[in-house]
Amino acid sequence: MKLEIKWRNPEHKNPVALGNLDLGAVTIYGCSIMSGKNGYFLKSPERKGKDDKYFPIVHFSEDTYKKVNAFVDKEMSKEGSSDLQIPFN
């Protein structure tokens, strides 16, 4: 698994970064890296519905979501990380 950062917000406001999540067989484009009270986390790309609400395009299992977010938080806390490799089986 690999997270490639394409853009970082120089103002450090949400989203703090945008990138793509490569799961090997599937790549999810347009992920947002957000900063929250518990650290950084990955936000799935969203699509606007007919009711003007936004809905995630991709849903992760709870276990996968926790692993990805733990890694994203750790790596985004490091200075200068632009291409994040996620060791994940």
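Everything numeric here is computed off the predicted structure, so don't read it as measured data.
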* With ILVMFWY side chains joined below 4.5 Å, transitively, what does Trp7's cluster contain besides itself? -> Leu18
* Pairs meeting criterion salt bridge (Lys or Arg N to Asp or Glu O under 4.0 Å) with involvement of residues 12-30, two or more places apart -> Glu11-Lys13
Please table the atom pairs, donor to acceptor, closer than 3.5 Å between any side-chain atom in residues 26-55 and protein atoms at least two apart or in another chain.
unit_1, atom_1, unit_2, atom_2, d
Ser44, OG, Val58, N, 3.2
Ser44, OG, Val58, O, 3.1
Asp51, OD1, Lys53, N, 3.1

* To do: State which residues pass side chain to side chain donor-acceptor pair (under 3.5 Å) with Lys74; sequence neighbours excluded, sorted by chain then number.
  => none
